[in-house]
> 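One structure is given below, represented as structure tokens, and several questions about it will come after.
Start at 1 and go down the list; that is how both ligands and their atoms are numbered.
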Amino acid sequence: MGMLYKGKWTDRDDIIHNGAYLRPDSKYNSSISADIIENIANSPGRYWLIGSNSCQWSQRAMLMRTLKKLDHVIPLHIAHGPRLEGYAINGGKVWNVPDTDLTIQHLHQLYTLSDRHYTGRSTVPVLWDSQTRQIISNESSQIMLALDKIKTQDQLPLNYYPPSLNEKMSDMDNWIYNGLSNGVYKAGFAQSQDAYDQAVSLVFSTLGKLEQILTENRFLFGPNQTASDWKLFTTLIRFDLVYFTLHRCQKRRLVDYPNLWAYTRDLYQTPSIAGTVDITTIVAASFQNDTANNPHNIIPVLPDLDWGAPHNRDIQSASQNQRITG
Ligand SMILES: N[C@@H](CCC(=O)N[C@@H](CS)C(=O)NCC(=O)O)C(=O)O
């Protein structure tokens, strides 16, 4: 896949250790300051979100932008195209870095614009400050949290991080990340049987426990959606399409878990969300860019999944269906 080393693109990877995949921490991982959050609201068009339609981490940030009605405040650029040096920024063509006369072709060039000695992976999503030409964050969870805090006039007063759930959400997010959301990558990128076995076992024990939790609750923490649900959603929606086959997580499909499958449809049917899900690109880009698992670049035929089928989960908590505001 390749990465930047001291500002230069190299073939190094640094992600497999003893046969196991180890996702490096994002380099711009700190929490986004209150000043920047205020600036985002007050300077529409200054901060850009760069994401990819195939990537579950990008989709988390893109979802939050949509849920919080920030589309006119934070422009979105979708990175796509052949990955010659990591992510192409604009389908193989050049892209004008916003508010500059600079053009780039690869995502990694945005990283070296921000820090010309950057060492690390160049990943999406990126929150980019077009004024200072700096990456503000390349960590989806920090971007989500910051977007949730932005207040604009025409926004619904929704809060996906209710303060009362702070600790519980953080525990839930870590558990789901380790077992499932990153677990499917540990399974898919494993280079030893042992590493694969361990990862897959954790994937399915996590799914089993989630199925249980969703027997009692419409969403992870009750009748209201939280950011934890949206993080989980971006993994679940890819499960039968990509992780089941390409990453060999094939003990059970998402559709074999009645609660999880209905829960995923419930989230998918939330207004404006379907527009952030590009099934065709999720499948095509995942299969075309994983030459280790799919050397001939064959894109599989999509499974028949009816995302629009009634989910019937609102019945469960109709009496308590009040939004948390904040
Ligand atoms: N922890 C990061 C992970 C981001 C990430 O790994 N993105 C993948 C795409 S799904 C990527 O850009 N990979 C390119 C690479 O590792 O070179 C986040 O949640 O934002």
> Which residue and atom name correspond to the protein heavy atom nearest atom 7 (N) of ligand 1, and how close is it?
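The closest one turns out to be V124 O, 2.9 Å.
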> Using a 4.0 Å cut-off to any heavy atom of N138, which atoms of ligand 1 qualify?
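Listed by number with element, the hits are 20 (O).
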> Check for a donor-acceptor pair, side chain of Q142 on one end and backbone N or O of N29 on the other, with a separation under 3.5 Å.
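At least one qualifying donor-acceptor pair exists.
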> Take every heavy atom of L107, measure it against each atom of ligand 1, and state whether any distance is under 4.0 Å.
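No.
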> Note the single closest protein heavy atom to atom 16 (O) of ligand 1, along with its residue, its atom name and the distance in Å.
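Result: R121 NE, 2.7 Å.
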> With atoms numbered from 1 as shown, which atoms in ligand 1 lie under 4.0 angstrom from a non-hydrogen atom of S140?
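So the answer, numbered in order with elements, is 18 (C), 19 (O), 20 (O).
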> Taking the six-membered ring for Trp, are Y263 and H311 closer than 6.0 Å centroid to centroid?
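No, they do not, as the ring centres are separated by 6.0 Å or more.
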> Could you state the interatomic distance from OG (S228) to CE (M172), rounded to the nearest 0.5 Å?
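If we round to the nearest 0.5 Å, S228:OG and M172:CE are 6.5 Å apart.
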> Can you find an N/O atom of C55 closer than 3.5 Å to an N/O atom of ligand 1?
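The answer is no, given that C55 and ligand 1 share no N or O pair closer than 3.5 Å.
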> Near S26, which atoms of ligand 1 are under 4.0 Å from a heavy atom of that residue?
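The atoms of ligand 1 under 4.0 Å from a heavy atom of S26 are 1 (N), 2 (C).
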> Run down the list S141, S122, G86 and name the one with the heavy atom closest to atom 14 (C) of ligand 1.
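It is S122 whose heavy atom sits nearest to atom 14 (C) of ligand 1.
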> Tell me, with the steps shown, if I89 and Q109 meet side chain to side chain contact (heavy atoms under 4.5 Å, CB included).
CA-CA 9 Å; I89 194 84; Q109 293 170 298; 5.8 Å; no
> Counting N and O atoms only, with roles assigned by atom type, does the side chain of R253 sit under 3.5 Å from a partner on the main chain of F239, one being a donor and the other an acceptor?
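Not a single qualifying donor-acceptor pair exists.
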> For ligand 1, which is the ligand I care about here, please tell me if Y87 has any N or O atom under 3.5 Å from one of the ligand's N or O atoms.
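So ligand 1 has no N or O lying under 3.5 Å from an N or O of Y87.
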> Hey, is ligand 1 close enough to E139 that some N/O pair sits below 3.5 Å?
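For ligand 1, there is an N or O atom that lies under 3.5 Å from one belonging to E139.
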> Out of D25, D13, D14, which one pairs with R121 under the salt bridge (charged side-chain N to carboxylate O under 4.0 Å, His left out) rule?
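It is D13; the other options fail the test.
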> In the protein, what heavy atom is nearest to atom 13 (N) of ligand 1, and what distance, to one decimal place, separates them?
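Nearest neighbour among protein heavy atoms for atom 13 (N) of ligand 1, to 0.1 Å: T123 CG2, 3.8 Å.
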> Quick one: does R23 get an N or O within less than 3.5 Å of an N or O on ligand 1?
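Yes, at least one N or O pair falls under 3.5 Å.
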> Determine, using the 4.5 Å side-chain heavy-atom cutoff (strictly less than), whether I50 and L70 are members of one ILVMFWY cluster.
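The answer is no; the residues belong to distinct hydrophobic clusters.
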> For Y177, is the NZ or CZ atom of K231 found under 6.0 angstrom from the centre of its six-membered ring and inside 45 degrees of the ring axis?
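No, K231 and Y177 do not form such a contact.
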